[in-house]
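Heads up, the thing below is written out as structure tokens.
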Amino acid sequence: MPPHPHDARAKIVTLTERGWACTRAADAAAARFTEQWANTLGGAATNGLRDALARVVTPGRVRPSAW
């Protein structure tokens, strides 16, 4: 891993092709869930659910957590 150009304590991490494949699979799974919710709840309720969840999630990249 190459060092970060502005912070010697940090490392730049990039995804491998397998990592990108996992990311694409996760995106596809999320899209399938959203489609199922829209089919069950309707578009307006699904949008409301998405908006409500967006209010409690910190914007930005998703990071692993230990809680």
Side-chain angles (χ1 to χ4, degrees):
M1 287 184 280
H4 190 281
H6 305 294
D7 187 345
R9 299 166 298 173
K11 301 286 184 191
I12 297 176
V13 178
T14 58
L15 292 177
T16 62
E17 183 52 42
R18 182 177 177 195
W20 282 114
C22 289
T23 298
R24 288 189 298 272
D27 289 344
R32 285 191 304 274
F33 276 111
T34 302
E35 183 179 349
Q36 290 173 356
W37 296 339
N39 290 338
T40 302
L41 302 173
T46 301
N47 290 339
L49 175 59
R50 182 202 59 227
D51 294 345
L53 290 172
R55 290 176 33 207
V56 297
V57 174
T58 304
R61 293 182 173 208
V62 176
R63 294 179 181 239
S65 63
W67 53 275

Requested in this report: Indicate the atoms forming the closest heavy-atom contact of Trp37 with Leu49, along with that distance.
Outcome: CE3-CD2, 4.2 Å
Query raised in the report: Side chains of Arg55 and Asp51: does their closest heavy-atom pair fall under 4.5 Å?
Result: no
Query - Smallest separation among heavy atoms of Thr23 and Leu15, with atom names - result: OG1-CD1, 3.7 Å
Report summary line: Heavy-atom nearest pair, Pro5 first then Ile12, reads CD-CD1, 3.7 Å
**Report entry** Within one Ile-Leu-Val-Met-Phe-Trp-Tyr cluster: Phe33 and Leu41, side-chain cutoff 4.5 Å
**Finding:** yes
